[in-house]
Amino acid sequence: MQSRESSKAITAGSLATFLAALALSVPLLERLTAAAWQWYKFAGYPSAGHITLSLKTGQVFSALLAATFGLALWFNRLARRRAAPRAKLWSFCAMCVAAAVLLAYWLLGASSLNVWRA
């Protein structure tokens, strides 16, 4: 009985980390949309439009994503030991989303569409 309850708790925690990773993708999607709009609006002009990203905000954002990834990794290891396939799937998806969002944020920051703000 306790094993079943702990398996449900691991599944709920894994789902929560997946939802957190999805929630953290929303600011990135907004910045990607803004960058695409600036690129479209100013295509062909000598000085293209730029978006701004803050370095300190990027560091906080990266720390939140790293924490989400770490928590999802922890739930993934627990799910493997307890043989909880749903929890393993949710936590793996959370790790993938967190890693993809982190990579996309810093690629956007390194692109020519961005101007860093202190």
Side-chain angles (χ1 to χ4, degrees):
M1 187 74 144
Q2 185 180 10
S3 175
R4 186 174 179 198
E5 289 173 3
S6 66
S7 189
K8 283 184 179 181
I10 293 170
T11 302
S14 297
L15 181 59
T17 57
F18 177 66
L19 294 175
L22 285 179
L24 285 170
S25 70
V26 172
L28 173 69
L29 292 175
E30 188 276 328
R31 290 286 76 200
L32 285 173
T33 304
W37 176 249
Q38 290 296 320
W39 175 78
Y40 168 76
K41 191 163 73 170
F42 293 106
Y45 286 90
S47 61
H50 298 286
I51 63 166
T52 58
L53 294 175
S54 169
L55 189 57
K56 290 198 185 283
T57 302
Q59 291 169 343
V60 170
F61 186 64
S62 296
L64 287 172
L65 282 167
T68 302
F69 185 90
L71 194 58
L73 180 62
W74 182 66
F75 277 122
N76 192 282
R77 303 257 169 128
L78 281 176
R80 267 194 223 158
R81 274 191 262 146
R82 303 278 171 111
R86 272 196 193 160
K88 187 176 170 186
L89 176 67
W90 286 122
S91 60
F92 180 73
C93 289
M95 289 188 300
C96 290
V97 169
V101 169
L102 186 64
L103 179 66
Y105 180 84
W106 290 105
L107 285 175
L108 178 62
S111 76
S112 62
L113 295 172
N114 179 46
V115 175
W116 287 104
R117 181 170 44 105

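Computed from a predicted structure; not experimentally measured.
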On the 0 to 90° scale, with breaks at 30° and 60°, tag the Tyr105-Trp116 ring pair as parallel, tilted or perpendicular. perpendicular

Would you say the side chain of Arg80 lies within less than 4.5 Å of the side chain of Asn76, judging by non-hydrogen atoms? yes

Check Leu108 against Ala35 and note the closest heavy-atom contact, atom names and distance. CD1-CB, 3.9 Å

Would Leu29 end up clustered with Trp39 when hydrophobic side chains under 4.5 Å apart are linked, directly or stepwise? no

Treat each ILVMFWY residue as a node, draw an edge where side-chain heavy atoms are under 4.5 Å apart, and state whether Leu64 and Leu102 are in one component. yes

Say you draw a straight line from CD of Glu30 to CD1 of Ile51; how long is it, rounded to the nearest 0.5 Å? 8.0 Å

Would the distance check show the side chain of Arg82 and the main-chain N or O of Arg77 forming a donor-acceptor pair, the cut-off being under 3.5 Å? no

As an exercise, state the distance from CG of Leu19 to CG of Leu24, rounded to the nearest 0.5 Å. 11.0 Å

Would you indicate whether the side-chain heavy atoms of Phe61 and Val101 approach each other to under 4.5 Å? yes

Tightest non-hydrogen contact, residues His50 and Asn114, listed as ND1-N, 4.4 Å

Close side-chain approach of Leu113 and Gln38, heavy atoms under 4.5 Å: no

So do Trp90 and Thr17 actually touch side chain to side chain, heavy atoms under 4.5 Å? no

Can you find a heavy atom in the side chain of Phe69 that is under 4.5 Å from one in the side chain of Leu65? no

I need the Phe18 CZ to Thr68 OG1 distance, nearest 0.5 Å. 12.5 Å

Interatomic spacing from CZ in Arg86 to CD1 in Ile10 - rounded to 0.5 Å: 14.5 Å

To check you understand the geometry: which heavy-atom pair defines the closest contact between Ala23 and Pro27, and what is its length? O-CD, 3.5 Å

Measuring from Phe92:CZ to Leu89:CG, what's the distance to the nearest 0.5 Å? 9.0 Å

I'd like to know whether Val115 forms a side chain to side chain contact (heavy atoms under 4.5 Å, CB included) with Leu53, so could you lay out the CA-CA distance, the side-chain angles of the two residues, the decisive distance to 0.1 Å, and finally the verdict. CA-CA 7 Å; Val115 175; Leu53 294 175; over 6 Å; no

Do Ser91 and Leu73 have side-chain heavy atoms sitting under 4.5 Å apart? no

Where is the tightest heavy-atom contact between Ala94 and Ala72, given as atom of each residue plus distance? CB-CB, 3.8 Å

Could you go through the side chain to side chain contact (heavy atoms under 4.5 Å, CB included) check for Leu55 and Arg117 one step at a time? CA-CA 6 Å; Leu55 189 57; Arg117 181 170 44 105; over 6 Å; no

How many angstroms lie between atom CG of Leu32 and atom OG of Ser25, to the nearest 0.5 angstrom? 10.0 Å

Walk me through it: do Val60 and Lys56 pass the test side chain to side chain contact (heavy atoms under 4.5 Å, CB included)? CA-CA 6 Å; Val60 170; Lys56 290 198 185 283; 5.8 Å; no

